[in-house]
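Here the structure is a predicted model, which is why all the values come from computation and not from measurement.
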Amino acid sequence: MAVMTGSDAVVQSLIAEGIDLVFGIPGYHSEHLYGRLMRQDKVRHVLVRHEQGAGYMAIGAARVTGKPATILSTAGPGALNVATPMGEAYGDGIPLLNIMAEDMSAYLYQDRGIVHESKDQFGVFSRLSQWSRQAMSPGEIPGAIHEGLRRMQVNRPRPVVVEIPVDVFQGEGEVELLHEETHRPPQGDSTDLERMASILGAAERPLIWAGGGVMMSGAWDELRTLAESLDIPVMLTTTSKGAMPEDHPLVVGNLNQHGPIRRFMQQADVMLAVGARFSYLSSGRWTVPVPKRLLHIDIDPTQPGKNFPAEIGVHADARAGLAALVEATADAPEVDRDEWVDAGRAARDEVRAELAQRAPLEWGLMKAIRSALPRNTIVASDPHLLGYWSREHLPFYEPRTWLYGLAFGTLGYSYPVALGAKIVAPDKPVISLTGDGGFLFTAQEMATAVQQGLNVPVVIINDDAYGAIKEDFLRDYDNDYEVNLRNPDFVKFAESFGAVGMRATPETLEATLRDALELDRPSLIDVPVKCRRPLQVQ
């Protein structure tokens, strides 16, 4: 074993584990670590303007690559600034490694007035992560990082935390480095999977409900193969849009809130849910008509049967489970499901046709955006009014190209997530779709975009308000109390950073966005327009 400082143990462990990108801001407690980072050239550090931005950029990187992304945060306020993206990553199942500095180990949690002292920083982040460890000596650091990375491979890929006191960064000790390993996720009980395959293959009106686990496990090929081989309509969720192209004839889409789709689902005799939690929003507050015969595969063993009773629940990674079903149904007897597939497509088309008539503004905005974008464009969106429309109706054609923070629903998510996505996918077009209120939560990261040379257009749907809450207040109280905003001139705001500022109308948005994608630097498109909440088709 070599003798090295805790900071060297962190840097060398990152290199040994194959981690070549980290996001963060140097601070008093992490200065020694940064002193070691600056001596090497294998790990790229992206300097952000707020630690919340670091967390969101890491989310964007992780969602596009499917691999853990790493944050470096200093103690106290720097650490707590990462709390919101950590909460988002926990809810959406995003693999983040948060290496977090802390005060001197001899004085932790004694309320002695140390710089950046928290009552219980480690306790806070233990509740925001699936696993956490304090490394109290340099020798504990490689094992803590290694175990955190292992947990994100074999469990639902929620964040992990390794907290290191400042004196441990600076101190020396014997260190044994560990190297990158691939850990096999749960494969599921073969007998249960064979039973699932038999039921699914014989069903007359089956459905597949594909959740976000399909995306994180990289299971889109297996999903498509199973659906096509058995001719099964596929329901998508907000976090699985793009798992199959939304112009595929088997894709019903993320439309389960609408009457025609619900009536179609009520006729199903079997549903296969894979990588899905049936969360509150994705299931319409648990009102979606799930058939009695529910077959549920999930990497989290507590999920099958939690929100809807499951006839068979299998603890398996989505890709492993789907691959097993593909193999087990290869010789399934042919069942004519043409009328069933046609019924799903007809329900989908009925919803789209009615909304195009009833909501020409919102439908036109989505059409303009989609028409301007190549099929492989990555779109990150906040939960704003057009974002609500987009999570149901903006079509996507490739995996990991729709990035939306569903679980926490955090404003300020879109722009830094888009920047993180662009950093790891520099050859793909990337845009941010946000509202004026949400953009200003993390707008300072435009400085990061300029410094890093990231051509990421941000489209701001600008109604000078927290528009969704304003609509609710007017509906419920006939009062728009404290929801109207005094915004900057967004065009000049962008120009002040050295980015390109533009303004568009709904009619000129498509052409303006096309122009923005051709630039060699960041841009902002201000679209002054007032949208409504999504409408439902009864």
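- Between the side chain of S73 and the backbone N or O of A79 there is no donor-acceptor pair closer than 3.5 Å.
- Looking only at distances, a side-chain donor or acceptor of Q187 sits under 3.5 Å from a matching main-chain atom of P185.
- For the pair S13 and H146, the minimum side-chain heavy-atom distance is 4.5 Å or more.
- Expressed to the nearest 0.5 Å, how far CH2 of W131 lies from CE of M152 amounts to 9.5 Å.
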Which is it for R63 and I94 under the side chain to side chain contact (heavy atoms under 4.5 Å, CB included) test, yes or no, and what are the steps along the way? CA-CA 7 Å; R63 291 194 64 173; I94 309 300; 3.5 Å; yes

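- Taken from OG1 in T239 to CG in L403, the straight-line distance is 11.0 Å, to the nearest 0.5 Å.
- Relative orientation of the H29 and H116 rings is tilted, given thresholds of 30° and 60° on the angle between their planes.
- Looking at E174, its side chain never comes within 3.5 Å of a backbone N or O of M1 through a donor-acceptor pair.
- Under 4.0 Å is where a charged nitrogen must lie from a carboxylate oxygen, and between R224 and D221 no such pair does.
- Classified by interplanar angle (parallel below 30°, tilted 30° to 60°, perpendicular above 60°), the ring pair F493/F490 is perpendicular.
- Remark: the backbone N or O of L517 is paired with a side-chain donor or acceptor of N455 at under 3.5 angstrom.
- A cation-pi arrangement, defined by a distance under 6.0 Å to the six-membered ring centre and an angle within 45 degrees of its axis, is present between R375 and Y397.
- Contact record, L80 with F125: CD2-CE1, 3.9 Å, taken as the closest heavy-atom pair.
- Atom CZ of R514 has more than 12 heavy atoms from other residues, nucleotides or ligands within 6.0 Å.
- Two residues are said to be in side-chain contact when any heavy atoms from C-beta on lie closer than 4.5 Å; L250 and I232 fail this criterion.
- The existence of a salt bridge linking R151 and E147 is confirmed by a sub-4.0 Å separation between a basic side-chain nitrogen and an acidic carboxylate oxygen.
- Counting only distance, with no hydrogens or angles, the side chain of D167 and the backbone of S105 share a donor-acceptor pair below 3.5 Å.
- For Y28, the OH atom sits in a loose shell: 12 or fewer heavy atoms of surrounding residues, nucleotides or ligands are nearer than 6.0 Å.
- Here the shortest heavy-atom pairing between D192 and R195 reads OD1-NH1, 3.0 Å.
- Within the 4.5 Å cutoff, side-chain heavy atoms of T401 are placed close to those of I378.
- A heavy-atom distance below 4.5 Å is not found between the side chains of N98 and L96.
- Here M57 contributes atom CE and Q52 contributes atom CD; the two are 11.0 Å apart, rounded to the nearest 0.5 Å.
- Remark: side-chain polar atoms of E117 are paired, donor with acceptor, to backbone N or O of R112 under 3.5 angstrom.
- The shortest non-hydrogen separation linking F441 to G437 is CD1-O, 3.2 Å.
- A 4.5 Å side-chain heavy-atom check between K241 and E246 finds at least one atom pair inside the cut-off.
- Side chain of W402 to main chain of S381: no donor-acceptor pair is present (N/O by atom type, distance under 3.5 Å, no hydrogens or angles).
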Full working for side chain to side chain contact (heavy atoms under 4.5 Å, CB included) between V175 and I141: CA-CA 8 Å; V175 173; I141 291 171; over 6 Å; no

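- With 3.5 Å as the limit, one finds a donor-acceptor pair spanning the side chains of T410 and Y56.
- When all heavy atoms are compared, the tightest approach of S217 to D317 is CB-OD1, 3.1 Å.
- There is no side-chain donor-acceptor pair under 3.5 Å between H50 and E445.
- For V64 against A425, the heavy-atom pair with the smallest separation is CG1-CB, 4.0 Å.
- Side chain to side chain, E51 and N81 meet the donor-acceptor criterion of an N or O pair below 3.5 Å.
- At least one donor-acceptor pair closer than 3.5 Å links the side chain of Q40 to the backbone N or O of L37.
- For the pair R370 and F396, the cation-pi criterion (under 6.0 Å, within 45° of the ring axis) is fulfilled.
- Residues L178 and I145 have side chains not in contact (no heavy-atom distance under 4.5 Å, counting atoms from C-beta outward).
- Side chains of R391 and Y404: a donor on one and an acceptor on the other come within 3.5 Å.
- Proximity of a side-chain donor or acceptor of D8 to a complementary backbone N or O of R36 within less than 3.5 Å is not detected.
- Checking D382 against T434 by side-chain atom types alone, a donor-acceptor pair falls below 3.5 Å.
- With values rounded to the nearest 0.5 angstrom, L47 atom CG is found 6.5 Å from I25 atom CD1.
- Within 6.0 Å of CD on E327 lie no more than 12 heavy atoms contributed by other residues, nucleotides or ligands.
- Considering only heavy atoms from C-beta on, H45 comes within 4.5 Å of Y34 through its side chain.
- Qualifying side chain to side chain donor-acceptor pair (under 3.5 Å) partners for Q153, counting only residues two or more places apart in sequence or in other chains: none.
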Criterion side chain to side chain contact (heavy atoms under 4.5 Å, CB included) on L272 and L325, from CA distance to verdict: CA-CA 10 Å; L272 169 67; L325 291 179; 3.6 Å; yes

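- Sparse packing is recorded around NZ of K67, with 12 or fewer heavy atoms of other residues, nucleotides or ligands lying under 6.0 Å away.
- Under the 3.5 Å distance criterion, the side-chain polar atoms of S7 are matched with a main-chain donor or acceptor of L33.
- Between L236 atom CG and S282 atom OG the span is 12.0 Å, to the nearest 0.5 Å.
- Contact check for W209 versus L294: no side-chain heavy atoms found under the 4.5 Å cut-off.
- In this structure, H179 NE2 and E17 CD are separated by 8.5 Å, a value rounded to the nearest 0.5 Å.
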Passes side chain to side chain contact (heavy atoms under 4.5 Å, CB included), T5 versus Q170? Steps please. CA-CA 6 Å; T5 67; Q170 298 167 354; over 6 Å; no

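- Residues G213 and A318 share a closest heavy-atom pair of O-CB, 3.6 Å.
- Shown here is Q110, whose CD atom has more than 12 heavy atoms of other residues, nucleotides or ligands within 6.0 Å.
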